[in-house]
Amino acid sequence: MKMENIIEIKKVSYEYTEEERIFAAVKDINLNIERGSFTVILGHNGSGKSTLAKMLNGLKRPTFGDVIIDGINTKDEEKELEIKRKVGMVFQNPDNQLIASIVEEDVAFGPENLGLSPAEIRVRVDDALKSVGMYEFRKSTPHRLSGGQKQRIAIAGIIAMQPDCLVLDEPTAMLDPKGRAEIIDTLIKLNKEKNITVILITHYMEEAEKADRVVVMNDGEIIADGLPAEIFENVSLLKSVGLDVPQTTELLYALKQKGFRVKTNVISIKETAASIAAALGSEEK
Ligand code: ADP
Ligand code: MG
C-alpha cells in the first residue's frame with residue numbers, strides 16, 4: 001500500500017558544529033508532505049531551507065528527530081540508495097549538475113547508473129526530455145543552452161530515474177525571468193501530468209502562486225503554512241522575515257490600508273488589475 005504522505009518530518013532539528021560551537025539551523029520541525037502535492041518552501045537566506053532539503057533524501061541526517069521517506073527512516077543506512085531513488089534533488093547551479101557534452105548523454109547518466117537495459121534507458125531519456133520540453137535539443141551541447149534550458153536538462157536527468165518526489169533547492173536563483181518562468185511551468189506540468197510530488201525551495205514569492213501549499217521558514221523554524229492566498233495576505237509577516245513581497249501585493253495592501261475593498265490574495269498583474277477594477281466598481285468591457 002502506498003503511503004498518503006511521501007515525506008514525514010518528525011520533530012527534526014539539525015545542528016552544525018564548528019570549532020566546538022553548536023548552531024541549530026533547523027529547529028524542531030514537523031511537516032508532512034502529501035503524495036502528489038506541490039509545496040513551496042519560502043524563506044530568506046539562512047533560514048535553514050538547504051539544510052532541510054538535504055535531509056529529505058538522506059544527504060544529511062537529522063541531529064534529532066526522524067525523516068521518513070515513503071515509510072523508510074533516513075537513519076536506515078542500508079536504505080540509502082532506495083531513498084535517493086525516491087527523492088531526486090535539483091540544485092541552484094545547472095552548470096554543476098551537467099556532466100556530459102551531449103544533452104541526451106547527460107540525461108542518460110542516472111538511468112545508466114541504475115543498471116537498466118539500453119532500450120529502457122532510451123525510452124526514459126526521450127520521455128524525460130519531452131516532459132521538460134527539451135527533446136528537440138537532445139543532440140545539443142549543454143554549455144550552448146540558456147540557463148533555463150540547462151536547468152531543465154538537469155531536471156530531465158533526475159526525472160529519468162523516475163523518482164516519486166522532486167526537491168529543488170532554489171533552482172531559479174541563477175536564471176533570468178524567462179528561465180525562471182520555464183522552470184516553474186515545467187514543474188507544474190511534471191506535478192500535474194506525471195503526478196510527481198514537487199517541493200520547490202525559493203525566496204521568490206511569485207513562484208509560490210500556483211502551489212498547493214506554501215510553507216514559510218525563518219531562523220530554522222516554520223512560521224507559516226497554508227494555501228498561497230492565505231500566506232500572501234500576510235504581507236507584514238512576510239516582510240518581517242525579509243521576504244521580498246511582489247509590488248502587486250504591496251499595491252493591493254496599500255489600497256486596502258486606505259479603505260479600498262480590494263482582494264489582496266492575488267499576485268499576477270492580471271488578477272491584481274481585476275481586483276482593483278472590482279473595488280472601483282468598474283465593469284470589464
Ligand atoms: P538557506 O538555504 O535558507 O539559506 P541554510 O540551510 O543554508 O539556509 O543555512 C541555515 C543556517 O545554517 C545559516 O545560518 C548558515 O550560516 C548555517 N550553516 C549552513 N551550513 C553550515 C555549515 N556547514 N556549518 C555551519 N553553519 C552552517
Ligand atoms: Mg539555501
Side-chain angles (χ1 to χ4, degrees), residues 7-33 38-67 69 74-75 83-84 87-98 147-148 150-151 154-155 158 165-176 179-180 183-184 187 197-209 211 213-226 228 231-232 234 237-246:
I7 296 177
E8 293 183 350
I9 297 166
K10 297 179 176 176
K11 295 174 84 62
V12 164
S13 298
Y14 190 91
E15 293 178 349
Y16 290 103
T17 310
E18 237 181 23
E19 292 163 10
E20 298 186 12
R21 272 177 310 148
I22 293 175
F23 179 81
V26 169
K27 302 170 185 169
D28 201 24
I29 279 186
N30 289 296
L31 184 68
N32 289 339
I33 304 291
F38 191 136
T39 305
V40 164
I41 299 181
L42 265 182
H44 190 248
N45 279 343
S47 58
K49 303 182 301 297
S50 294
T51 305
L52 180 65
K54 288 180 188 139
M55 288 194 281
L56 300 182
N57 81 339
L59 278 175
K60 284 190 193 298
R61 296 196 176 96
T63 312
F64 304 106
D66 296 286
V67 176
I69 309 296
T74 60
K75 281 178 185 153
I83 290 167
K84 290 206 162 65
V87 182
M89 296 275 289
V90 175
F91 298 98
Q92 204 175 85
N93 190 345
D95 290 321
N96 294 343
Q97 299 171 81
L98 304 180
K150 280 193 256 190
Q151 194 62 294
I155 293 171
I158 303 295
C165 180
L166 203 52
V167 177
L168 306 102
D169 190 1
E170 306 212 34
T172 63
M174 305 185 75
L175 308 182
D176 59 13
R180 284 172 52 196
I183 297 304
I184 302 306
L187 296 178
T197 309
V198 175
I199 300 175
L200 169 64
I201 293 166
T202 183
H203 61 258
Y204 295 114
M205 235 182 95
E206 298 92 314
E207 298 183 353
E209 191 182 13
R213 177 185 185 190
V214 181
V215 174
V216 184
M217 282 185 74
N218 185 51
D219 197 15
E221 296 175 318
I222 292 175
I223 57 153
D225 181 352
I231 301 296
F232 298 162
N234 207 338
L237 174 82
L238 295 169
K239 283 186 151 186
S240 74
V241 297
L243 287 165
D244 287 328
V245 176

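Position 1 is the first residue of the sequence; numbering continues from there. From a predicted model like this one, the values you see are computed outputs, not experimental measurements. First listed ligand is number 1; within each ligand, the first listed atom is number 1.
The environment of Lys75 atom NZ is dense: over 12 non-hydrogen atoms of other residues, nucleotides or ligands sit within 6.0 angstrom. No more than 12 heavy atoms of other residues, nucleotides or ligands sit less than 6.0 Å from atom CG of Asp244.
Residues passing the side-chain contact (heavy atoms from CB on, under 4.5 Å) test with Glu15 are Ile22, Ala24, Thr63, Phe64, sequence neighbours excluded.
Residue side and main chain included, Ser50 places an N/O/S atom under 2.8 Å of the Mg ion (ligand 2).
Contact residues of ligand 1 (protein heavy atom closer than 4.0 angstrom to a ligand atom; sorted by chain and number): Tyr16, Glu18, Phe23, Ala25, His44, Asn45, Gly46, Ser47, Gly48, Lys49, Ser50, Thr51.
Checking side-chain atoms of Arg61 against main-chain N and O of Thr74 turns up a donor-acceptor pair under 3.5 Å. In this structure, Asn30 contributes its side chain and Lys10 its backbone to no donor-acceptor pair below 3.5 Å.
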Determine, step by step, whether Gln97 and Gln151 satisfy the side-chain contact (heavy atoms from CB on, under 4.5 Å) criterion, reporting the C-alpha distance in whole Å, the side-chain angles of both residues, the deciding distance to 0.1 Å, and the verdict.
CA-CA 8 Å; Gln97 299 171 81; Gln151 194 62 294; 3.4 Å; yes

